[in-house]
Amino acid sequence: MTFVTPGERLPYDWLPVAIPSNTEFGTNAYLHSAFAFRHYRSRRTPGVRVGDHTALYDSTMFDVGPDGHVSIGDYCVINGPIFATDHDVHVGSYVYVSYEVYIADSSAPVPSWCWGETRRGRAAGRDIVIGDDCWIGVRSAVLGGAVLGRGVIVGAGAVVDFEVPDFAIVAGNPARVVGWAPPGGHRPDATQRLT
């Protein structure tokens, strides 16, 4: 069963607007409201792709420019972040994104109403990759150039714009590696230093 059908209105939605036709939603994907696409301007096909059994809850927003693309994997819980991009954002599978998270290709993106002739937003930003099994804490910012490896934990309020190794814990503004959380509790090689 598919809960979200591009080009059609959600049967339970308070907003009488159809989901953009250039989106893709996997089996049993959930979207709280079409309001998530209020600032969506992507011309790509698809501009947003959501995997199987992934839920996009209240306050999730796709502020995606004409060249932007957001891909979200399977079995994710997306609790209300803002995706502001005119580039590519890739979110892996089994990812948890907390409330009020900002995922943006630039720290000062051009608002969607300015896109069009200026195109400054596309030139200024960079792609973002969030690996499988990541956890993104409340009110954090994942900015252009960030590449989060598998199992990365981003602490609440952290600002990340760099490559983070697998199973690292990052915190702070600007973020830095403060610890490790590998499967089974095995710590990385003792020669690996925190940066």
Side-chain angles (χ1 to χ4, degrees), residues 24-26 29 42 44 46-57 60-65 67-109 122 124-195:
E24 291 180 5
F25 288 85
S42 180
R44 292 178 60 181
V48 168
R49 187 205 170 277
V50 177
D52 297 339
H53 308 285
T54 287
L56 307 173
Y57 291 108
T60 298
M61 295 294 292
F62 293 100
D63 193 350
V64 180
D67 295 319
H69 169 76
V70 176
S71 173
I72 302 171
D74 300 331
Y75 297 96
C76 295
V77 175
I78 310 297
N79 263 334
I82 296 174
F83 293 91
T85 187
D86 201 23
H87 284 76
D88 291 333
V89 174
H90 174 76
V91 178
S93 295
Y94 302 96
V95 172
Y96 174 79
V97 180
S98 191
Y99 299 94
E100 300 177 24
V101 170
Y102 190 61
I103 300 172
D105 60 13
S106 172
S107 60
R122 179 67 182 168
R126 296 180 292 168
D127 295 344
I128 297 169
V129 177
I130 299 171
D132 293 344
D133 305 309
C134 287
W135 185 91
I136 314 293
V138 67
R139 295 185 178 165
S140 58
V142 180
L143 302 178
V147 178
L148 307 185
R150 181 175 174 227
V152 167
I153 297 172
V154 176
V159 178
V160 184
D161 65 354
F162 59 95
E163 188 167 342
V164 180
D166 292 353
F167 307 113
I169 302 169
V170 295
N173 178 8
R176 66 182 186 86
V177 176
V178 296
W180 303 94
H186 296 92
R187 303 182 104 181
D189 187 315
T191 60
Q192 190 169 3
R193 298 177 49 136
L194 298 179
T195 56

Problem set entry | Results of ring pair (Phe, Tyr, Trp, His ring centres under 6.0 Å) for Y94 - residues two or more places apart only |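 For Y94, the residues satisfying ring pair (Phe, Tyr, Trp, His ring centres under 6.0 Å) (neighbours in sequence not counted) are Y75.
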Looking only at non-hydrogen atoms, find the nearest pair between [X] and [Y] and report the distance.
X	Y	result
F162	V170	CZ-CG1, 4.3 Å
R44	D88	NH1-OD1, 2.5 Å
S42	G68	OG-O, 2.7 Å
I153	A181	CD1-CB, 3.9 Å
W180	P182	C-CD, 3.5 Å
G92	V95	O-CG2, 3.5 Å

Tell me whether [X] contacts the main-chain N or O of [Y] through its side chain, where contact means a donor paired with an acceptor under 3.5 Å.
X	Y	result
D86	D67	yes
D132	S93	yes
D166	R150	yes
T54	G73	yes
S98	G137	no

Just verifying a value: how many Å separate [X] [atom1] and [Y] [atom2], rounded to the nearest 0.5 Å?
X	Y	atom1	atom2	result
Y99	I78	OH	CD1	12.0 Å
I130	L148	CD1	CG	5.5 Å
C76	H53	SG	NE2	12.0 Å
F25	R49	CZ	CZ	10.5 Å
I82	T60	CD1	OG1	9.5 Å

For this session: With side chain to side chain contact (heavy atoms under 4.5 Å, CB included) as the test, would you mind laying out the steps for L143 and V159 before giving the verdict?
Result: CA-CA 7 Å; L143 302 178; V159 178; 3.8 Å; yes
Do [X] and [Y] have side chains that approach each other closer than 4.5 Å (heavy atoms only, starting at C-beta)?
X	Y	value
L56	I72	yes
F167	D133	no
F83	V48	no
V70	I103	no

For this session: Could you please spell out the steps behind the side chain to side chain contact (heavy atoms under 4.5 Å, CB included) verdict for T85 and I128?
Result: CA-CA 9 Å; T85 187; I128 297 169; 5.9 Å; no
